[in-house]
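Just the heavy atoms: all of them, side chains too, but no hydrogens, waters or symmetry mates, feed the values below.
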Amino acid sequence: MEANAPKRKETRKSLRIKVISMGNAEVGKSCIIKRYCEKRFVPKYLATIGIDYGVTKVQLRDREIKVNIFDMAGHPFFYEVRNEFYKDTQGVILVYDVGQKESFDALDAWLAEMKQELGPHGNMENVVFVVCANKIDSTKHRSVDESEGRLWAESRGFLYFETSAQTGEGINEMFQTFYSAIIDLCDNGGKRPPSSMGVGFTKEQADAIRRIRNSKDSWDMLGVKPGATRDEVNKAYRKLAVLLHPDKCVAPGSEDAFKAVVNARTALLKNIK
Ligand code: GTP
Ligand code: MG
């Protein structure tokens, strides 16, 4: 009997991964991790001193994952402490506060710091990044809207989630998707699978949306010099309309950008003879 009993299905090999958190001080990195690991929220700000390290076990897709989390201090003062922790990382949780534009603008500098510490042979292509637009519960004025954050993240091939460590919104979903992407990365020999790279829109589209969003007037929005002719305005308009038409472009914010371009053209043509 024993000999013929079906063998128990072997569970697949367990994984050991390293994850780090990055982002300005006070954006909520430690609280996001605490919310997921301890299911609680601490309203009082306790700045991380240098690095906080923790290990947690996660069961996902028939796999046991041992996650080593290095929660970094965001304050510039701790640069010397955190700089040695960037290497051998499979996943990065990149956090900003939706009510604090500087923390969003600082994301590029965080990527640059990591790149610099990894050196010329470091490879950021094969790291899973998840961007957390945090504190969405806050009643404070929201200064970075969803499409702006999503565009920044997705145009780089990063995951994007709207989160609140306070209410827990988006936190479990974010970690599940993040860990799942890391499993795919490990199963693919440490390389990001091609399927996770395609974002469905081009860099040209993302750049155009960003430029339109930051333009100071209608001329600037269409990318023509003040005083341009009807023909020049129409030509610039047609180019952007083709690039950003909502039927063709799936980049976050493309619909608003398209509308803004239509309005800019109408406003300019009214005043050009
Ligand atoms: P450093 O360790 O200094 O880099 O900061 P941190 O990014 O780890 O921030 P931390 O998690 O300590 O949170 C900073 C402050 O923001 C604390 O007072 C938290 O209670 C608060 N906070 C964090 N997440 C949220 C959130 O989702 N909503 C609200 N309303 N407050 C939050
Ligand atoms: Mg912290």
Side-chain angles (χ1 to χ4, degrees), residues 19-54 56 58 67 69-79 82 85 89 91-114 127-181 209-210 213-214 251-253 256:
V19 162
I20 61 175
S21 70
M22 271 163 46
N24 279 8
E26 231 176 311
V27 293
K29 300 179 293 297
S30 302
C31 285
I32 287 175
I33 294 166
K34 200 165 261 136
R35 164 60 73 187
Y36 183 70
C37 297
E38 299 172 24
K39 312 272 174 276
R40 65 189 182 104
F41 175 69
V42 185
K44 190 164 176 278
Y45 175 41
L46 296 164
T48 302
I49 309 295
I51 292 270
D52 263 349
Y53 169 71
T56 171
V58 185
V67 189
I69 304 187
F70 293 79
D71 177 24
M72 297 211 186
H75 200 285
F77 179 76
F78 294 112
Y79 168 67
R82 65 176 180 253
F85 290 93
T89 295
V92 175
I93 305 170
L94 203 46
V95 185
Y96 69 92
D97 172 351
V98 295
Q100 223 206 1
K101 180 82 163 52
E102 313 88 82
S103 69
F104 173 67
D105 293 338
L107 296 181
D108 284 313
W110 281 101
L111 291 182
E113 180 175 308
M114 179 170 182
V127 174
V128 176
F129 284 86
V130 64
V131 176
C132 296
N134 194 39
K135 306 201 188 183
I136 53 165
D137 61 274
S138 176
T139 46
K140 223 170 57 178
H141 171 72
R142 181 165 178 163
S143 48
V144 188
D145 66 24
E146 180 176 349
S147 62
E148 193 172 1
R150 195 179 276 286
L151 182 68
W152 187 90
E154 293 182 357
S155 60
R156 287 165 176 78
F158 298 173
L159 299 164
Y160 173 88
F161 282 87
E162 300 248 303
T163 59
S164 165
Q166 186 182 72
T167 64
E169 194 176 340
I171 303 286
N172 280 345
E173 203 187 344
M174 180 275 287
F175 273 103
Q176 301 267 324
T177 311
F178 179 54
Y179 289 148
S180 195
I209 294 168
R210 220 171 277 128
R213 200 189 276 277
N214 295 327
D256 286 345

Heavy-atom closest pair, residues [X] and [Y]:
X    : Y    : value
S30  : D71  : OG-OD2, 2.5 Å
A73  : F78  : CB-CD1, 3.4 Å
G99  : S143 : C-OG, 3.2 Å
A25  : Y45  : CB-OH, 3.9 Å
S164 : I171 : O-CG1, 3.6 Å
V128 : F178 : O-CE1, 3.5 Å

Handout entry: Evaluation steps, side-chain contact (heavy atoms from CB on, under 4.5 Å), between M72 and V92
Key = CA-CA 11 Å; M72 297 211 186; V92 175; over 6 Å; no
Measure the [atom1]-[atom2] distance between [X] and [Y] for me, rounded to the nearest 0.5 Å.
X    : Y    : atom1 : atom2 : answer
E148 : R142 : CD    : CZ    : 10.0 Å
L159 : E173 : CG    : CD    : 11.0 Å
E169 : D137 : CD    : CG    : 8.5 Å
I69  : T56  : CD1   : OG1   : 6.0 Å
D97  : I136 : CG    : CD1   : 11.5 Å
W152 : Y160 : CH2   : OH    : 11.5 Å

Handout entry: Salt-bridge criterion met for K34 and D52 (N-O under 4.0 Å)
Key = no
Practice task
Evaluate whether atom CZ of F77 has more than 12 neighbouring non-hydrogen atoms of other residues, nucleotides or ligands under 6.0 angstrom away.
Solution key: no
Short question: side chain of [X], backbone of [Y] - any donor-acceptor pair under 3.5 Å?
X    : Y    : answer
K29  : G23  : yes
R82  : H75  : yes
S147 : P252 : no

Exercise for the section: Could you go through the side-chain contact (heavy atoms from CB on, under 4.5 Å) check for L107 and R156 one step at a time? Expected result: CA-CA 12 Å; L107 296 181; R156 287 165 176 78; over 6 Å; no
Exercise for the section: Would you please test T163 and V95 for side-chain contact (heavy atoms from CB on, under 4.5 Å) and show each step? Expected result: CA-CA 10 Å; T163 59; V95 185; 5.9 Å; no
Problem - Min side-chain heavy-atom separation I32-M174 under 4.5 Å - result: yes
Problem - Aromatic plane relationship, F70 with Y53 - under 30° parallel, 30 to 60° tilted, over 60° perpendicular - result: tilted
Fill in the blank from the handout: Taken in chain and number order and not counting sequence neighbours, the residues that satisfy side chain to side chain contact (heavy atoms under 4.5 Å, CB included) with N24 are V27, S103, A106, W110
Handout entry: Single hit among F161, F175, F129 for side chain to side chain contact (heavy atoms under 4.5 Å, CB included) with I93
Key = F175
